Amino acid sequence: MDKKIVFSGVQPSGALTIGNYIGAIKRWATLQDEYNCYYCVVDQHAITVPQKAKDLRKNTLDILALLMACGIDHEKSTLFIQSHVPEHSELAWVLNTITYMGQLNRMTQFKDKSKRSEENLNSALFTYPVLMAADILLYKTNLVPVGEDQKQHLELARDLAERFNNRYSDTFMVPEPLIGEFGARIMSLQDPNSKMSKSDSDENGYILLLDDKNTIRRKIKRAVTDSIGEVSYNDDQPGIKNLLNIYSSFSGETIETIVEKYEGRGYGDFKKDLEEIVVDGLSPIQEKFNALRSDKAYLEEIYRKGSEKASDEARKMLRKVYKKVGFIPR
Ligand code: TYM
């Protein structure tokens, strides 16, 4: 039987946070044996906010190397760069024609982003979820492993697949989100009511996968907690709850075990151990990253091969779509 298909993407807009890692990328690696996985560095999504060309080029290769350092194996999975497979934006155009403005208006991420950068309200920021739907639908994707913040975008992709299938006949697979029970929404270390994000203006709010040891320790030390003083997993202690999710993800221990371990002990001990767990968890990733990133020719070979494989599938699907909408074949 054919393996089910997994697709996911990450933007090359700066370094990745442990939120990206815990919510998505760490889980990508675990799916590679059971599924046919496509993992994509979505550079076309990244330009919906202003980017310097030089930085975008650097970040794209950084992310590619970082994904490999996090365990994505290019022999098992198709690892590629979005702009190398033009079918993504070509399908997005077709999907735009069946997307309602009202649906895009309701996207919370668009609303948040547009509040933050009112001077750059470009139309690509608005239609971004349509490109994301195209990414997913091109590959007959069954499952999309993402963090909680992408759920609404996934619903749009499902909706567009169904609408197209109803209008033109069965074409797309309707994808399911794969969202973890814990860690699907890692929060800012400075404000546990908002999502950890690399675009946070306060760098103490996030830990980057490439932060050095002392920076990691400092950020955890400074993480906001509460005055209750008890390591416990509940919504009245959002700071500690968040740190518990991070602890559990890096140590592999259940929340219950960790809470028991720190019973009757203060936050000091808990944070000190967490510092070491995160440092130890990230250092092998950083070592692998440094080795991979210095070999540009190797990275080039990998993204070339990846886009060739992805293109084969993408081309077939786009041809089908073009035929259904009535375009004359070349
Ligand atoms: P991006 O680049 O913002 O984030 C990549 C992945 O990391 C997850 N994530 C988090 N998970 C838990 N806690 C957090 N604080 C946190 N921050 C980020 C995101 O949910 C995501 O899974 N639009 C997407 C990229 C994309 C995509 C796709 C994803 C483009 N096309 C097709 C899946 C399928 C994005 O901006 O993710």
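Order of appearance sets the numbers: ligands from 1, and atoms from 1 within every ligand. Everything numeric in this text was worked out from a predicted model, so none of it was measured. Residues: numbered from 1 along the sequence shown. Because only heavy atoms are used, hydrogens play no part in the values below, and waters and symmetry mates are left out as well, while side chains stay in.
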Identify every side-chain donor-acceptor pair in residues 233-242 under 3.5 Å, counting partners at least two apart or on other chains, and give the distances.
from   : atom 1 : to     : atom 2 : distance (Å)
Tyr233 : OH     : Asn245 : OD1    : 2.9
Tyr233 : OH     : Asn245 : ND2    : 3.4
Asn234 : OD1    : Asp236 : N      : 2.8
Asn234 : OD1    : Gln237 : N      : 3.2
Asn234 : ND2    : Ser232 : OG     : 3.0
Asn234 : ND2    : Gln237 : OE1    : 2.9
Asp235 : OD1    : Lys241 : NZ     : 2.6
Gln237 : NE2    : Asp226 : OD2    : 3.4
Gln237 : NE2    : Glu230 : O      : 2.8
Gln237 : NE2    : Tyr267 : OH     : 3.0
Asn242 : OD1    : Met187 : N      : 2.9
Asn242 : ND2    : Met187 : O      : 2.8

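- The aromatic rings of Tyr38 and Phe7 sit parallel to each other, their planes meeting at less than 30°, with 60° as the upper class boundary.
- Residues in residues 305-330 take part in these ring-ring contact (aromatic ring centres under 6.0 Å, His included) pairs, two or more places apart or across chains: Tyr322-Phe327.
- Other members of the hydrophobic cluster containing Leu56, listed by chain and number, are Ile47; membership follows side-chain contacts under 4.5 Å among ILVMFWY residues, whether direct or relayed.
- Aromatic rings from His74 and Tyr303 are positioned such that their centres are separated by 6.0 Å or more.
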Sub-3.5 Å pairs, protein N or O with ligand 1 N or O:
from     : atom 1 : to     : atom 2 : distance (Å)
ligand 1 : 2 (O)  : Gln11  : N      : 2.9
ligand 1 : 4 (O)  : Asn20  : ND2    : 3.2
ligand 1 : 7 (O)  : Asn20  : ND2    : 3.1
ligand 1 : 11 (N) : Gly19  : O      : 3.2
ligand 1 : 13 (N) : Ile186 : N      : 2.8
ligand 1 : 15 (N) : Ile186 : O      : 2.8
ligand 1 : 15 (N) : Met196 : O      : 3.0
ligand 1 : 20 (O) : Gly147 : N      : 2.8
ligand 1 : 20 (O) : Asp149 : OD1    : 2.4
ligand 1 : 22 (O) : Gly147 : N      : 3.2
ligand 1 : 23 (N) : Tyr128 : OH     : 2.6
ligand 1 : 23 (N) : Gln150 : OE1    : 3.1
ligand 1 : 31 (N) : Asp135 : OD2    : 2.7
ligand 1 : 36 (O) : Gln11  : NE2    : 2.8
ligand 1 : 36 (O) : Tyr128 : OH     : 2.6

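- The number of heavy atoms from other shown groups lying within 6.0 Å of NZ (Lys324) is above 12.
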